[in-house]
Amino acid sequence: ARPDLISRPGKSTLEQGKSFEDKVAHLLRLLGYNVEREQLIDSNRIDLVARKRADFGREELYFVECKDHQAVIPKETIQIFKTWLDSLTARQMQARGMVVAAKDFSPAARGYAREQNIQALTYDELERNLFDFSPYLARIRQRYEASPIAAVYVDQFLALENNPDDKPAPMLPHALDWVAGTGSRLWLVLGDYGTGKSTLVERLAYELARQCETDPESPVPITINLRNFPNAISLESLIREHLEAELRTVLNPEIVLHLLDAGRV
């Protein structure tokens, strides 16, 4: 069996087959960078060169080193990278530095990187920085707390398809277990009109939004009422229309789809 195709929880087959450099390049492209692989700059082989047009026609340029090591990255690695950034061509290009690690950095490495204005990020940190969902989560919390449902909500129960003879299961613990990865990725809730399906969705979204306040690993709930978007013709357009309506800002829906695949949404 090919090692890169061994199943790992939370990773799609496509993600498993990519090299670490490919995965970092994908995140940078989602952030709007044009990315080139393995560039030779002053005899130093740079893993990725990332460019993005900034304000007033300026160019934002990063030399990116990808460290797919299971050990923490030591200070010496950042020091060597700093000498590359100090080379003549790098200074002429006004290149900034970024090191992306699979695991983590030593405290000395992070401190030195801050002193030298080098971005030191783990892959998870870079992935979490794809988009700031905090305003969206705040809207979910505020909207629910101000709704009539919050004042009169009572616990809901579910009849589980795989256990039809068992007594109904409390909804919230079952829903949070599902969010954590128990069972199929698709959860379908069926019920007659007025039995509380929409209430269930609103309550679960609220609970997840509260978890996100204290736990950065908690998944972000994207809650879309299809009634509000009758003209959406694809999942991408649905996500774009929903988030633009909620946040009055444009978001690349591919970011949300990536975070969904990664288990962060």
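All residue numbers in this chain count up from 1 along the given sequence.
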For the side chain of [X] and the backbone of [Y], is there at least one donor-acceptor N/O pair under 3.5 Å apart?
| X | Y | answer |
| --- | --- | --- |
| T182 | D177 | yes |
| D215 | E217 | yes |
| E65 | D47 | yes |
| R139 | E246 | yes |
| Q116 | K82 | no |
| Q142 | I140 | no |

Could you measure the distance from the [atom1] atom of [X] to the [atom2] atom of [Y]? Nearest 0.5 Å is fine.
| X | Y | atom1 | atom2 | answer |
| --- | --- | --- | --- | --- |
| N44 | I41 | CG | CD1 | 8.5 Å |
| T89 | D42 | OG1 | CG | 3.0 Å |
| D155 | M171 | CG | CE | 8.0 Å |
| T122 | E127 | OG1 | CD | 9.5 Å |
| I149 | S198 | CD1 | OG | 8.0 Å |
| Y144 | T199 | OH | OG1 | 7.5 Å |

So for atom [atom1], which belongs to [X], do other residues, nucleotides or ligands contribute more than 12 heavy atoms lying within a distance under 6.0 Å?
| X | atom1 | value |
| --- | --- | --- |
| N225 | CG | yes |
| R141 | CZ | yes |
| L40 | CG | yes |
| Q92 | CD | yes |

Does [X] share a hydrophobic cluster with [Y], counting links as ILVMFWY side-chain heavy atoms below 4.5 Å and allowing steps through other members?
| X | Y | result |
| --- | --- | --- |
| Y112 | I73 | yes |
| F63 | L28 | no |
| L200 | Y153 | yes |
| L235 | V265 | yes |
| I255 | V35 | yes |

So, do [X] and [Y] sit near enough that their side-chain heavy atoms are less than 4.5 Å apart?
| X | Y | value |
| --- | --- | --- |
| H242 | I222 | yes |
| F81 | K67 | no |
| P219 | V179 | yes |
| V201 | K197 | no |
| V49 | Y62 | no |
| N252 | L30 | yes |
| L130 | L27 | yes |
| V220 | L259 | no |

Nearest non-hydrogen partners of [X] and [Y], listed with the distance:
| X | Y | result |
| --- | --- | --- |
| W187 | L158 | CZ2-CD1, 3.6 Å |
| R185 | L260 | NH2-O, 3.0 Å |
| S184 | W178 | O-NE1, 2.8 Å |
| L48 | A25 | CD1-N, 3.9 Å |
| R51 | E59 | CD-OE2, 3.2 Å |
| A120 | E125 | O-OE1, 4.0 Å |

Would you call D124 and R264 a salt bridge, using N to O less than 4.0 angstrom? yes

Does R45 come within less than 4.0 Å of E21, counting only side-chain N to carboxylate O? no

Do the side-chain N and O atoms of R143 and Y206 include a donor-acceptor pair separated by under 3.5 angstrom? no

Looking only at side chains, do D22 and S19 share a donor and an acceptor under 3.5 Å apart? yes

Output field: ring centroids F131/H258 closer than 6.0 Å: no

Exactly one candidate in Q211, E213, E207 meets side-chain hydrogen bond (donor to acceptor under 3.5 Å, both in side chains) with S218; the answer is Q211

Audit row: I239, L251, side chain to side chain contact (heavy atoms under 4.5 Å, CB included) steps and yes/no: CA-CA 9 Å; I239 292 169; L251 171 65; 5.5 Å; no

Step by step, would you call D261 with L257 a side chain to side chain contact (heavy atoms under 4.5 Å, CB included)? CA-CA 6 Å; D261 191 54; L257 294 176; over 6 Å; no

Do the rings of F20 and Y123 sit parallel, tilted or perpendicular, given the 30° and 60° boundaries? tilted

Taking it one step at a time, do I78 and F105 satisfy side chain to side chain contact (heavy atoms under 4.5 Å, CB included)? CA-CA 10 Å; I78 310 297; F105 298 85; 4.1 Å; yes

Report the C-alpha distance between R96 and N117 in whole Å, list the side-chain angles of each, state the deciding distance to 0.1 Å, and finish with yes or no for side chain to side chain contact (heavy atoms under 4.5 Å, CB included). CA-CA 8 Å; R96 301 173 64 186; N117 198 28; 4.1 Å; yes

